[in-house]
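Note that ligands are numbered from 1 as they come in the structure, with each ligand's atoms numbered from 1 the same way. Just so you know, these numbers come straight off a predicted model, no measurement behind them.
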Amino acid sequence: MDRIRIEGGRRLVGEVSVSGSKNAALPQMVVGLLANGVSTLRNVPDLRDVQTMAGVLESLGASVAMQDGRVTVDARNFSNTEAPYDMVRKMRASVYVLGPMLARLKRAKVSLPGGCAIGPRPIDLHLRGFEALGATISIDGGYVIADGANMKGGEMTLEGPQGSSVGATINVLMAASLTPGRTIIRGAAKEPEVSEVVRMINLMGGRVNGSDSTTLEIEGVETLKPIVYSTIPDRIEAGTFLLAAAITGGDVMVRGARADHMNALLDKMIQAGCEIEVLPDGVRARRAGKVLPTSIRTLPYPGFPTDMQAQFMALLCLADGESIVTEGVYSERFIHVAELMRMGANIEMGRGEARVRGVPRLTGAPVMASDLRASAALVIAGLAAEGATEILRVYHIDRGYERIDEKLAGIGAVIARERALPGQTG
Ligand code: UD1
């Protein structure tokens with residue numbers, strides 16, 4: 001397995017471009033299944049998760065081609081009603097195929113996704129939504145078995161104990177867009193990635209109202225047309241670069257970043273002592289003074305994103321005082337804490353929250369990537385640490401960041417990927 005080695009302590013300066021959004025592209029590839037034709041997505045990042053999704057769609061009979069950020073999904077032979085464990089276990093977002101399978105094939109057998117490093121991630125809300133549309137659902141042998149023969153519009157609330165669900169909203173929305181009658185989803189997620197799926201479906205001939213609000217009204221249509229659509233910039237990747245600039249006391253413009261998708265993060269960065277400049281074609285972050293202690297609580301959009309929590313915590317490790325980091329979405333999402341402490345951070349864990357006492361410096365160490373955003377936090381910490389940081393299990397980063405090592409090197413990081421030799425582990 002590859003490793004990333006970083007010589008810390010270099011100020012990052014310059015300009016870096018943001019890639020297309022992983023969390024928008026994944027469901028949008030699946031939206032392609034809703035039209036009996038060939039849809040094209042542009043600005044899709046070249047990531048492992050995108051390749052995994054292509055494999056999932058192909059296992060259902062679709063053809064997927066990927067080149068230079070363009071992904072075409074030919075759904076004319078979409079006919080297989082089973083998504084096997086071997087596919088779904090690689091990536092939770094595979095469960096998105098349930099919606100189109102129910103809507104177009106009326107039947108679906110999809111493996112339940114397993115556990116995941118950031119804690120339990122049930123899909124009960126997805127299933128509740130399909131049941132509200134009249135689908136019959138059972139669980140057998142680790143699979144969801146769903147029958148959508150009698151589906152029609154229905155009303156539902158898709159909120160769980162932590163609030164709205166991005167995945168459940170998108171999944172049910174996809175099914176409802178081709179289900180006869182009127183569906184009302186209350187407690188819908190408002191993340192930009194959800195609004196983008198709404199926009200895409202509407203451009204395909206769908207009738208969905210209420211994007212950006214917590215109630216979605218969907219009038220089912222008989223067919224949707226194939227489409228050419230561009231994926232929005234990745235707000236999490238952009239935020240990661242802004243924090244990399246901040247932690248190194250640098251000055252970086254992230255070209256293509258959309259400030260309107262990043263308000264909660266930008267507000268907290270300002271509170272933490274960063275200067276933020278919103279430009280017509282991107283966002284610039286710099287920091288000259290101290291990192292100020294700043295408490296954050298993650299929440300569904302427009303709250304502070306859970307996907308930025310680990311990276312922000314890396315910055316807070318160097319703050320001039322104490323900050324509290326509270327997880328309101330995944331209460332167990334703190335696996336980066338132990339690794340940050342190996343780099344000299346002073347963090348005390350409580351229930352669903354971490355007390356981060358700033359230290360004057362972090363020191364490089366060998367550390368282990370354990371999930372996508374936790375790994376990004378270790379990269380950020382490594383950029384500011386004294387000495388060398390070596391990050392193992394880099395494949396987690398590659399799931400969600402396109403060429404992160406090259407992009408950071410382009411703004412002055414001393415970072416290198418060491419390709420694994422055959423047979424080498426770790
Ligand atoms: C998506 C993102 C992920 C991000 C998360 C929260 C993708 C591919 N992934 O994941 O990067 O961290 O949103 O912003 O877009 N829940 C239930 N029952 C369900 C579904 C969810 O209880 O059926 C809970 C989850 O455990 C979690 C909360 O709801 O506590 C939010 O999860 P959700 O928004 O569904 O996350 P994902 O769509 O899986």
Ligand 1 versus Tyr301: contacting region, heavy-atom distance under 4.0 Å: neither
Within 6.0 Å of CZ in Arg107, more than 12 heavy atoms from elsewhere: no
Non-hydrogen atoms of Arg76 and Asn36 that approach each other most closely: CA-OD1, 3.3 Å
Nearest candidate to atom 35 (O) of ligand 1, where distance is taken over non-hydrogen atoms, out of Ala25, Gly400, Pro113, Ser165: Ser165
Under-4.0 Å heavy-atom contact with ligand 1, by part of His126 that carries it: both
Within 6.0 angstrom of Asn77 CG, more than 12 heavy atoms from elsewhere: no
Contacts of type ring-ring contact (aromatic ring centres under 6.0 Å, His included), residue Tyr96, not counting sequence neighbours: none
Contact check, Pro122 vs ligand 1, heavy-atom distance below 4.0 Å: yes
Verdict with reasoning, Asp398 to Arg417, per salt bridge (charged side-chain N to carboxylate O under 4.0 Å, His left out): CA-CA 12 Å; Asp398 293 335; Arg417 180 181 291 255; 2.9 Å; yes
Nearest non-hydrogen partners of Thr179 and Gly153, listed with the distance: CG2-N, 3.9 Å
Distance-only N or O hit between ligand 1 and Lys22, under 3.5 Å: no
Backbone or side-chain N or O of Tyr330 under 3.5 Å from ligand 1 N or O: yes
Minimum-distance pair of heavy atoms, taken over all atoms of Arg92 and Pro113: NH1-CG, 3.7 Å
Numbered atoms and elements of ligand 1 in range of Thr306, under 4.0 angstrom, heavy atoms: 6 (C), 12 (O), 14 (O)
Between Glu193 and Tyr301: side-chain donor-acceptor atoms closer than 3.5 Å: no
Which of the ligand 1 atoms, numbered from 1, are nearer than 4.0 Å to a heavy atom of Asp307: 3 (C), 4 (C), 11 (O), 12 (O)
Derivation of the salt bridge (charged side-chain N to carboxylate O under 4.0 Å, His left out) call for Arg199 and Glu196: CA-CA 5 Å; Arg199 245 187 100 219; Glu196 281 298 300; 3.7 Å; yes
Geometric N/O contact Val329 with ligand 1, under 3.5 angstrom: yes
Polar contact flag for Gly163 and ligand 1 (N/O pairs, less than 3.5 Å): no
Minimum non-hydrogen distance to atom 33 (P) of ligand 1, winning option of Asn23, Leu125, Val166: Val166
Ligand-side contact atoms (ligand 1) for residue partner Gln162, heavy atom cut-off under 4.0 Å: 30 (O)
Contact atoms of ligand 1, heavy-atom distance to Arg333 under 4.0 Å: 12 (O)
Proximal ligand 1 atoms for Gly167, defined as those under 4.0 Å from one of its heavy atoms: 35 (O), 38 (O)
